[in-house]
Amino acid sequence: MTAISPWVFSRPDTMVRQRRAATPKIVGWLLALCLEFAVSGVAGAQTLEIRAARLSGAGWTAQHLRATLTTTAQGNRLDWATGTLRVGRRVLWRHARLQCVLRTASGWSCRQGSLVVGGSPWGALNGHGQVRLQRVGGSGQAVLTVRGARFGSVHVRVRSAATGQWRLTSAGSLPVAGLAHAFMRLPAAWQVSGEARWRLQAQGASWARARRISLVLSGSRLQFNSPDGLQAAQGVALHLRGEGVYAGQWRGVAQVRWTQGGILWSPWYWQAPVTPLRMRAHWQQKGSVWQLAGGTIQWPGLGHGGFALQWPTRNGVPHWQLERVEVAMAPLYANWIKPLTSPGGLAARLQASGRLRFSAEGEGGLNALQWDLRDAALSSPKGLLAVTGAESRGAWNRTRKASAATVGWRSAALYRIPVGPLHAELALHPQGFMLRQPFTLAMLGGGLDFRRLAVRWTGPRSGFDMSGDLHGVSMTQLTRTLHWPPFTGTVSASIPDLRYHAGDIHTSGELSAHVFGGEVRVGYLHIENFLGALPLLRADVEIRGVRLKPLTDAFHFGYISGVLDGNVRHLALLNWSPEAFQAEFHTVPAHGVSQEISYAAVQSITKLGGGDGIGGFFQGLFLRMFKTFAYAHLGLGVTLKDGMAELSGVRPADGGFVILQGQGLPRVDIVGYNRRVDWDELLARLHAAIQSGPQIHTGG
């Protein structure tokens with residue numbers, strides 16, 4: 001074989017048979033010159049070889065290129081090879097080789113071509129095709145088909161006219177697994193499957209730049225699953241259609257339809273609506289920024305709106321906008337808000353209705369929000385919360401010092417307690433909001449005065465603080481609403497400073513209430529997991545000067561007159577049921593207040609203390625002759641721990657404890673003997689005492 005002195009292109013540090021410096025721009029011209037020289041050379045085998053250490057263009061780089069042309073009497077053969085090819089940061093292959101039979105009878109044609117690619121994200125690839133270039137007029141055509149076990153198949157056809165105009169058509173199918181891991185940067189441990197089919201058309205001039213492009217892409221049976229199962233999709237079908245035109249910059253239109261399947265992105269789960277979800281937007285590439293403008297989204301069953309997006313291609317944060325969005329509150333709360341709440345809590349059981357209109361924008365996080373909520377409602381299955389005619393409108397901005405908003409409703413109920421209409425004006429700031437002026441919420445014949453209310457939703461102090469007063473609340477209406485035994489009188493209370501943070505409520509001062517002629521003070525109040533499935537309340541309670549007569553008049557417990565003091569220390573309520581406490585109640589003498597107890601009340605207290613029968617027939621008959629009895633001291637202590645209650649009285653007695661110390665004639669003392677009793681059993685005794693009244697047991 002006779003060798004012709006080759007042209008060699010390389011970097012200065014590359015060892016070749018002949019050193020010459022050249023730029024990538026003249027490679028094509030030199031290759032054409034050398035090919036003409038080779039095919040018209042002397043008889044016998046001839047070899048022409050061209051090498052380049054590196055070629056690069058806009059966004060791509062190829063290394064270690066080599067083109068070899070071998071001519072023999074039987075024909076000409078072209079062998080082209082390249083090393084690593086990078087597009088952006090992606091490696092498309094690490095080595096590739098193309099071989100074909102070169103003919104030059106009437107122009108150039110490269111037939112019976114074969115392509116082998118290794119080191120690609122899809123594994124090994126192979127293909128076949130041909131290239132034909134006309135010597136006269138310069139028109140040409142190239143056809144290539146590439147296949148791979150993990151790659152699928154691609155068919156490409158390119159035609160060029162004599163004027164330099166060209167057109168490309170391509171179609172094929174790809175397994176989504178290789179496509180996703182190659183271009184979407186999914187973790188290697190994720191399982192991905194499905195198939196993507198596309199049809200691509202492009203055209204341009206002078207082979208320099210595409211001028212028009214259109215793409216149809218359909219994904220079917222798309223599935224993915226993260227190792228922890230928190231992100232998954234099944235049976236998803238997506239359809240993308242887009243087109244673009246270049247006129248100084250790229251711009252065009254894109255449309256997406258979601259027709260099938262479900263997507264889990266914990267804690268959210270979305271199912272494709274019966275009528276497909278549709279998105280449409282105008283797009284353009286402006287410098288180093290991709291832009292979506294004039295976008296619209298139609299989500300059947302949820303709502304519709306507009307959007308815009310600016311996405312820098314280099315080290316930038318995307319800027320997004322949602323414009324004139326209108327959604328239905330029922331699916332918005334059920335599918336978008338409820339998954340963020342604690343399972344089993346009140347918020348997780350709520351149902352919503354109404355319409356919400358809003359606009360928002362942000363750069364990474366939320367920067368601004370405008371909203372208008374009208375005629376909305378919230379309700380819980382058991383009536384713990386019910387709000388009707390809710391309305392709110394306002395605007396918030398991350399950088400603005402303050403803005404205004406309003407919130408209100410026609411009617412509401414909390415834990416079945418009805419409250420009147422609300423209209424509150426708020427001052428919003430970047431971290432939260434506060435009341436612009438105090439307001440009163442009417443309830444049960446009285447009202448709740450909100451002197452102060454401040455909410456923060458960011459930072460270590462996120463939550464709310466409030467202070468206010470409760471005045472003139474009717475006990476009659478309250479007990480009727482809660483289905484309690486009827487009480488009379490009114491309740492007033494002071495709320496000095498109540499704070500909510502991260503699901504917990506606590507107070508920095510004492511809550512006090514005036515009821516039954518006395519005062520109840522609650523200190524060290526702390527409620528953990530307030531809106532969760534198992535709220536835990538801790539507090540200390542102090543009772544001073546409570547009149548027993550209006551309290552006992554409400555029950556079938558019996559009549560007791562006197563004044564009661566007491567304490568409940570270390571109270572713990574789990575899910576609003578007692579878990580532990582140390583309680584002690586006793587009567588105190590008060591001027592002008594008699595200390596008397598009825599026969600029915602004596603029976604009830606005896607039953608509560610564990611009495612098990614009448615001391616004797618004549619004793620019981622004798623006591624029935626008196627309506628009331630005077631007493632000197634009445635008291636009961638209860639310590640609850642681990643489901644067991646330990647009882648005590650005003651003083652110890654032989655084998656027991658004195659609950660009631662009588663006075664005068666006839667004198668009645670009540671003595672309990674069972675110091676330890678199951679808490680549920682004690683509640684059953686109290687229930688039995690109220691319902692039917694126990695038998696009497698007297699003690700010395």
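Positions are given from 1, in the same order as the sequence printed here. All values below come from the heavy atoms of this structure, side chains included, with hydrogens, waters and symmetry mates left out.
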Does [X] reach the main-chain N or O of [Y] with its side chain, forming a donor-acceptor pair under 3.5 Å?
{"X": "Arg452", "Y": "Pro438", "answer": "no"}
{"X": "Thr481", "Y": "Ile417", "answer": "no"}
{"X": "Asn567", "Y": "Arg569", "answer": "no"}
{"X": "Ser492", "Y": "His514", "answer": "no"}
{"X": "Arg538", "Y": "Tyr524", "answer": "no"}
{"X": "Arg547", "Y": "Gly518", "answer": "no"}
{"X": "Gln595", "Y": "Tyr631", "answer": "yes"}

Practice problem: Take Leu426 and Leu435 through the test side-chain contact (heavy atoms from CB on, under 4.5 Å) and record every step on the way to the result. | Solution: CA-CA 5 Å; Leu426 311 176; Leu435 289 179; 3.8 Å; yes
Quiz item: Is it true that atom CD of Gln234 has more than 12 heavy atoms of other residues, nucleotides or ligands lying nearer than 6.0 Å?
Solution: no
Quiz prompt | Whether over 12 other heavy atoms sit under 6.0 Å from Asp228 CG | solution =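 Enclosed: over 12 neighbouring heavy atoms sit under 6.0 Å from CG of Asp228.
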Note, [X] side chain near [Y] side chain (heavy atom, < 4.5 Å):
{"X": "Trp396", "Y": "Leu366", "answer": "yes"}
{"X": "Leu525", "Y": "Leu537", "answer": "yes"}
{"X": "Thr507", "Y": "Pro496", "answer": "no"}
{"X": "Leu384", "Y": "Arg416", "answer": "yes"}
{"X": "Phe530", "Y": "Pro535", "answer": "no"}
{"X": "Leu448", "Y": "Ile495", "answer": "yes"}
{"X": "Gln271", "Y": "Asn335", "answer": "no"}
{"X": "Asn529", "Y": "Leu536", "answer": "no"}

Quiz item: In terms of the angle between their ring planes, are Trp679 and Phe581 parallel, tilted or perpendicular, with boundaries placed at 30° and 60°?
Solution: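 Perpendicular: the ring planes of Trp679 and Phe581 meet at over 60°.
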Quiz item: What orientation do Tyr599 and Phe629 show, parallel under 30°, tilted 30 to 60°, or perpendicular over 60°?
Solution: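 Answer is tilted, since the angle falls between 30° and 60°.
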Compare every heavy atom of [Y] with every heavy atom of [X], then report the nearest pair and how far apart it is.
{"X": "Leu350", "Y": "Ser380", "result": "CD2-CB, 3.8 Å"}
{"X": "Val658", "Y": "Ala653", "result": "CG2-CB, 3.8 Å"}
{"X": "Gln231", "Y": "Phe224", "result": "C-CE1, 3.8 Å"}
{"X": "Gly635", "Y": "Val650", "result": "N-CG1, 3.3 Å"}
{"X": "Trp268", "Y": "Trp336", "result": "NE1-O, 2.9 Å"}
{"X": "Tyr333", "Y": "Ala347", "result": "OH-O, 2.6 Å"}

Quiz prompt | Working for side-chain hydrogen bond (donor to acceptor under 3.5 Å, both in side chains), residues Ser512 and Ser494 | solution = CA-CA 5 Å; Ser512 61; Ser494 175; 4.7 Å; no
Practice problem: Show the numbers, then the answer: is there a side-chain contact (heavy atoms from CB on, under 4.5 Å) between Asn225 and Gln223? | Solution: CA-CA 7 Å; Asn225 187 36; Gln223 297 186 182; over 6 Å; no
By side chain to side chain contact (heavy atoms under 4.5 Å, CB included) - contacts of [X] (at least two apart):
{"X": "Ala412", "result": "Val387, Trp409, Val419"}
{"X": "Arg436", "result": "Ala404, Glu425, Ala427"}
{"X": "Thr440", "result": "Asp449, His471"}
{"X": "Ala590", "result": "Val563, Val593"}

What's the separation between atom [atom1] in [X] and atom [atom2] in [Y], rounded to the nearest 0.5 Å?
{"X": "Leu634", "Y": "Phe585", "atom1": "CG", "atom2": "CZ", "value": "11.5 Å"}
{"X": "Met644", "Y": "Glu681", "atom1": "CE", "atom2": "CD", "value": "10.0 Å"}
{"X": "Ile670", "Y": "Ile605", "atom1": "CD1", "atom2": "CD1", "value": "4.5 Å"}
{"X": "Gln351", "Y": "Lys338", "atom1": "CD", "atom2": "NZ", "value": "6.0 Å"}
{"X": "Asp504", "Y": "Glu528", "atom1": "CG", "atom2": "CD", "value": "5.5 Å"}
{"X": "Ile560", "Y": "Ile597", "atom1": "CD1", "atom2": "CD1", "value": "4.5 Å"}

Quick one: side-chain hydrogen bond (donor to acceptor under 3.5 Å, both in side chains) partners of [X], sequence neighbours excluded?
{"X": "Gln431", "result": "none"}
{"X": "Thr406", "result": "none"}
{"X": "Asp465", "result": "Arg499"}
{"X": "Asp469", "result": "Arg451"}

Self-check item: side-chain hydrogen bond (donor to acceptor under 3.5 Å, both in side chains) pairs, two or more places apart, involving residues 570-585
Solution: Glu584-His586
Quiz prompt | Intermediate values then yes/no, side-chain contact (heavy atoms from CB on, under 4.5 Å), Leu574 and Leu534 | solution = CA-CA 6 Å; Leu574 181 61; Leu534 293 173; 4.2 Å; yes
Self-check item: Results of ring pair (Phe, Tyr, Trp, His ring centres under 6.0 Å) for Phe358 - residues two or more places apart only
Solution: none
Practice problem: For Phe464, enumerate each residue passing the ring pair (Phe, Tyr, Trp, His ring centres under 6.0 Å) test, keeping only those at least two apart in sequence or located in another chain. | Solution: Tyr500
Quiz item: Taking it one step at a time, do Glu519 and Arg544 satisfy salt bridge (charged side-chain N to carboxylate O under 4.0 Å, His left out)?
Solution: CA-CA 5 Å; Glu519 185 179 20; Arg544 294 292 179 266; over 6 Å; no
Quiz prompt | Residue pairs passing the salt bridge (charged side-chain N to carboxylate O under 4.0 Å, His left out) test where at least one lies in residues 346-355, sequence neighbours excluded | solution =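 Pairs touching residues 346-355 that pass the test: Glu326-Arg355.
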